[in-house]
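Worksheet for the structure shown next.
Every number for a ligand or one of its atoms is a count from 1 in the order of the listing. Throughout, numbering of the chain's residues begins at 1 and tracks the sequence.
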Amino acid sequence: MRYRNTWENAVVGKMEKVAENVMEIQLIPEHGTAVFTVGSHIDISVLINDVPEVRSYSLVGQYEPNSPYTIAVKRLSESRGGSAYMWSLKEGSRLQISQPSNHFELSFNSSDYLLIAGGIGITPILGMAEQLIAKGNKNVRMLYLGSADYEMPYISRLQKMLGKQITLNFSNVNGSYNVSKVIDLCNEKTQIYLCGPIRLMNAVRKTWEEGPFENSNLRFETFGASGLFAPQDFLLKIPRFDLQIEVKKNKTMLQALEEAHVEVMYDCKKGECGLCQVDVLEYSGDIDHRDFFFSESEKGENNKLCACVSRVANGHIVIDTAYRRK
Ligand SMILES: Cc1cc2nc3c(=O)[nH]c(=O)nc-3n(C[C@H](O)[C@H](O)[C@H](O)COP(=O)(O)OP(=O)(O)OC[C@H]3O[C@@H](n4cnc5c(N)ncnc54)[C@H](O)[C@@H]3O)c2cc1C
């Protein structure tokens, strides 16, 4: 059961590889580009095994009237196939996209900014840097971290714009960036905008929470729900309905529940809104909480989980849902 999203037709414009495994794609909406703020994303209806699914992509750069939307898609090898579908598009292909929406809004109420991007997490961050610089903000610094320069798009565009204010780290050359240094780059006015892989996000959040500055000055967006364990099949039981379901590794719990006709309310499908939470009655193995809705202590209690992203590794789970069959 899902609410929201007005879809419209769009045509694919220019496609260009901007890094190893990153394709920049222009999208021309049928009714013209909507005004959007930096940090926005659009949802795209992708086909996976001929079944429509939704994937989100951040808009690269700032809004410009009469210009297409630009996105950059990283091709993932370990995946259900959304990014591969995006790479299979050609100039002139037709698809359905949503209006832009923004859950990662840049606030202009500070005089000091640190932008942190890990890999493909640069896509919402790039427009933020452009806009802050365009507004004459002098105190904008960026950390752009990745595994190798050839895998990181937009390096020269950023260097041209930011000069010495950008720090690049290629872990194949320099090793992993020492995230504890982030605090030294900040003061009490600094707002951090962060987007990157889960391990980087968790490390920065931990450092920030242990540091001397306001928690609310760290703002972030997640791209996905990669967990601490590789996805694997597991058994899901719901005693209320006398049900046993095998959740396959390429399916989410939410999909498995829907296929078994157990209705679960949901919205974001990214582990952010918490609408799809279910009660955990019993489990074995590890619950791989992949959401950003529950706090770390709630996750530690293992009493609830978000069915859209979280899974079980090396065990099984017994749950209850709010749904009651008539
Ligand atoms: C707001 C937002 C903005 C985004 N912007 C961008 C962007 O600018 N560029 C970009 O490339 N991507 C972006 N993404 C990510 C994008 O929406 C897709 O998730 C991405 O392209 C991968 O899709 P996929 O189907 O190829 O991979 P998926 O199958 O969705 O796999 C993604 C991750 O989930 C894990 N996974 C695989 N199977 C399962 C399963 N059964 N259950 C749970 N997890 C599983 C994988 O290990 C992998 O780490 C954004 C996402 C969000 C939410």
Side-chain angles (χ1 to χ4, degrees), residues 5 17-25 27 36 38-49 51-61 69-89 97-98 100-105 117-128 146 151-154 194-199 201 220-234 236 246-257 259 267-273 276 287-292 305-313:
N5 264 350
K17 222 170 143 188
V18 284
E20 178 88 19
N21 284 327
V22 181
M23 182 72 79
E24 186 181 88
I25 304 175
L27 297 169
F36 63 88
V38 291
S40 295
H41 68 272
I42 53 171
D43 287 342
I44 298 185
S45 175
V46 299
L47 279 181
I48 300 179
N49 300 326
V51 178
E53 285 259 352
V54 175
R55 293 291 183 271
S56 307
Y57 294 98
S58 297
L59 296 173
V60 176
Y69 295 130
T70 300
I71 59 170
V73 179
K74 178 167 180 181
R75 185 170 46 192
L76 296 185
S77 46
E78 289 247 328
S79 105
R80 287 161 284 185
S83 56
Y85 170 82
M86 293 304 296
W87 272 63
S88 75
L89 296 168
I97 66 173
S98 73
S101 58
N102 199 341
H103 304 155
F104 191 35
E105 198 110 26
I120 192 64
I122 192 63
T123 50
I125 298 287
L126 180 96
M128 293 184 178
E151 293 194 352
M152 295 159 67
Y154 308 122
L194 162 69
C195 187
I198 189 97
R199 280 179 203 278
M201 310 257 296
F220 57 87
E221 179 161 80
T222 72
F223 271 8
S226 52
L228 297 174
F229 301 88
Q232 50 183 269
D233 298 351
F234 62 95
L236 165 66
E246 175 89 354
V247 182
K248 292 285 179 195
K249 69 174 183 188
N250 62 348
K251 292 263 160 90
T252 63
M253 263 176 77
L254 181 63
Q255 286 170 324
L257 287 164
E259 283 169 15
D267 184 25
C268 72
K269 275 181 148 180
K270 297 168 198 157
E272 288 173 5
C273 73
C276 65
I287 298 187
D288 195 4
H289 289 280
R290 295 169 169 226
D291 66 278
F292 291 85
L305 62 77
C306 288
C308 67
V309 290
S310 297
R311 325 184 44 83
V312 175

Judged on heavy-atom distance to atom 21 (O) of ligand 1, which of Trp87, Phe104, Tyr57, Tyr85 sits nearest? Tyr57
Please verify whether a non-hydrogen atom of Thr222 lies at under 4.0 Å from ligand 1. yes
Ligand 1 versus Pro124, non-hydrogen atoms closer than 4.0 Å: side chain, backbone, both, neither? neither
Evaluating non-hydrogen atoms only, which member of Gly39, Ser56, Ser40, Cys268 is closest to atom 52 (C) of ligand 1? Ser56
Under the rule for side-chain contact (heavy atoms from CB on, under 4.5 Å), what residues qualify as partners of Arg199, not counting sequence neighbours? Leu228
Any atoms of ligand 1 less than 4.0 Å from a non-hydrogen atom of Ile120? List them with their elements. 9 (N), 10 (C), 11 (O)
Show the atoms of ligand 1 that are less than 4.0 angstrom away from any heavy atom in Gly82. 24 (P), 25 (O), 26 (O)
Side-chain donor/acceptor of Ser83 to backbone N/O of Leu76, under 3.5 Å: yes
If you count the atoms of ligand 1 from 1 in the order shown, which ones are under 4.0 Å from a heavy atom of Thr123? 7 (C), 8 (O)
So Val46 and Pro52, do their side chains get closer than 4.5 Å, heavy atoms only? no
Can you list everything that forms a side-chain contact (heavy atoms from CB on, under 4.5 Å) with Ser88? Sequence neighbours excluded, please. Tyr85
Proximity of Val46 to ligand 1 by residue part, where a heavy atom lies under 4.0 Å: neither
Would you mind listing which atoms of ligand 1 come within a distance below 4.0 Å of any non-hydrogen atom of Lys251? 41 (N)
Non-hydrogen side-chain atoms of His41 and His103 separated by less than 4.5 Å: yes
If I compare all heavy atoms of Cys308 with all of Thr252, which pair ends up nearest, and what's the gap? O-CG2, 3.4 Å
Any side-chain heavy-atom pair of Ile71 and Leu59 under 4.5 Å: yes
Say whether Val73 and ligand 1 are in contact under the criterion: heavy-atom distance to a ligand atom below 4.0 Å. yes
As an exercise, identify every atom of ligand 1 less than 4.0 angstrom from a heavy atom of Lys270. 53 (C)
Mind checking whether Pro153 and Glu24 have side chains closer than 4.5 Å, heavy atoms only? no
Would you say that Arg290 contacts Arg311 through its side chain, given a criterion of any heavy-atom pair below 4.5 Å between the two side chains? yes
A side-chain contact here means heavy atoms from C-beta on lying under 4.5 Å apart; do Val73 and Tyr57 qualify? yes
Could you name the option among Glu272, Gln255, Lys74, Met86 that has the heavy atom nearest to atom 11 (O) of ligand 1? Lys74
What atoms of ligand 1 come within less than 4.0 Å of a heavy atom belonging to Ser83? 21 (O), 23 (O), 24 (P), 25 (O), 26 (O)
List ligand 1 atoms under 4.0 Å from Glu221, heavy atoms only on the residue side. 1 (C)
For Lys249, take its heavy atoms, then give the atoms of ligand 1 lying under 4.0 Å from any of them. 40 (C), 41 (N)
